[in-house]
K.L.:
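Attaching a single structure in structure tokens format; questions to follow.
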Amino acid sequence: MTIRQQDMLNFKYEEITGCTLVDVPYAFSYNETLLYLTRSTMECLHHVENRHIYKLIEIEHEPILIEISESDASTIWIRLVDSLPRDRTVWESIVHYVQEWFDLHRDLAPFYHIAANDPLLSKLATDYYGMRIIGVPDLFEALCWAVIGQQINLTFAYTLKKRFVEAFGKPMEWNSRTYWLFPKPEDVASILVDDLKKLQFTSKKAEYIIHIAQLMQQGELSKHALLSSSDFKAIESQLITIRGIGPWTANYVLMRCFRDPSAFPIGDAALQTALKLLLNRSQKPSLDEIKQLFFPWKEWEAYAVFYLWRSLTPVDATP
DNA sequence: TTCCAGGACATTT
DNA sequence: AAATGTCATGGA
């Protein structure tokens, strides 16, 4: 058995068994990860069973179904379900994907330091300790999901996403279950508004998503190009120039895709609900009050929002 | 049935 | 600039 140590990526892999052991940071909760990933039964882009996470990802134009499992407090396993030998660079890409997906490189110490003596965050930070923002690394997916989620309840949003993925994504069968790759811009750039209206998308959302697909297919919009911007604020202002992308969507994508810890989807309906419940109010707080409340959490607004969202999860939802 | 949901945009003051 | 109206559909 050959085991090689990757200094930079903190993982070891075994060429024979096709498994990789990945180090996780000091504050990482596998349980919270599972809880987030199982919050909707309509989710079609990953599957959780017996505390294993299954996801189809594309590495070097090849669909690969990965299985993620908890090992001990400081490691998780990644296994390839087809068990075919893979090149070392492919393994590096897979590990990089998971680290990006679960935000494993983030040092949460500053956030927990703020939370420690904060009247609103201290209990959440303790209750959900180790919870990290689950990302959406693919920009097209992040934008589509954000646009879909505008002004509708999450249940319906998941229904729409499932219809969209099953209509334009790429399926892969394994063990009598279908796994999906999210549609690519080129799969959506040429469809018609009516194709999405059939799936119960509103005309506006259909137009937004098709237009975004066209921009990305033509190379006028890409994650790589945006990442070369001077800062996250520059990315935000570029995103907002696109039709259908307002302040909420831009900040949501900064939070889930670009991993800006200071992204702040202020005005988010669920955020208002969470604060209303936490403050034991009869009415939702105003935008001005939310700004005041968030003042201590500067540069960590995205994490504060994610922990507040988490407070809305039903307590009986144990994975 | 009514209200509203992890908004954006156009129109009117 | 800021307030108001419109879109538009299902979930609870």
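The chains referred to below are lettered A, B, ... by the order of the sequence lines, with proteins before strands, and numbering in each begins at 1.
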K.L.:
Looking only at atom types and distance, does a side-chain atom of A/Asn251 sit under 3.5 Å from a main-chain N or O of A/Pro247, one as donor and one as acceptor?
P.N.:
yes
K.L.:
Would you measure the distance from the P atom in C/dA8 across to the matching atom in B/dT11 and give it in whole Å?
P.N.:
14 Å
K.L.:
Evaluate A/Glu32 against A/Tyr128 for side-chain hydrogen bond (donor to acceptor under 3.5 Å, both in side chains), listing each step before the verdict.
P.N.:
CA-CA 7 Å; A/Glu32 287 295 332; A/Tyr128 316 139; over 6 Å; no
K.L.:
Can you give one letter per nucleotide of nucleotides 8-13 of chain B, going 5' to 3': B for a protein heavy atom under 4.0 Å from the base, S for sugar-phosphate only, - for none?
P.N.:
SSS---
K.L.:
With no hydrogens and no angle check, just 3.5 Å: does a side-chain donor-acceptor pair link A/Thr178 and A/Glu173?
P.N.:
yes
K.L.:
At 4.0 Å (heavy atoms only), tell me whether A/Lys197 reaches a base, stays on the sugar-phosphate, or touches nothing.
P.N.:
nothing
K.L.:
Going from OH on A/Tyr54 to CD1 on A/Ile68, what distance comes out if it is rounded to the nearest 0.5 angstrom?
P.N.:
11.0 Å
K.L.:
Under the side-chain contact (heavy atoms from CB on, under 4.5 Å) test against A/Ile76, which residue among A/Thr20, A/Val22, A/Ile53 passes?
P.N.:
A/Val22
K.L.:
What parts of residues 267-277 of chain A reach DNA chain B, counting only heavy atoms under 4.0 Å away?
P.N.:
A/Asp268, A/Ala269, A/Ala270
K.L.:
Roughly, in whole Å, what's the span from CH2 in A/Trp145 to P in B/dG7?
P.N.:
11 Å
K.L.:
Please tell me whether A/Lys284 and A/Thr273 have a donor and an acceptor in their side chains that are separated by less than 3.5 angstrom.
P.N.:
no
K.L.:
Of all the heavy-atom pairs spanning A/Leu278 and A/Leu124, show the shortest one and how long it is.
P.N.:
CD2-CD1, 4.2 Å
K.L.:
Rounding to an integer number of Å, can you tell me how far A/Phe164 CZ sits from C/dT9 P?
P.N.:
17 Å
K.L.:
Side-chain donor-acceptor pairs under 3.5 Å in residues 217-226 of chain A, sequence neighbours left out?
P.N.:
{"unit_1": "A/Ser222", "atom_1": "OG", "unit_2": "A/Ala225", "atom_2": "N", "d": "3.0"}
{"unit_1": "A/Lys223", "atom_1": "NZ", "unit_2": "A/Pro137", "atom_2": "O", "d": "2.7"}
{"unit_1": "A/Lys223", "atom_1": "NZ", "unit_2": "A/Cys257", "atom_2": "O", "d": "3.4"}

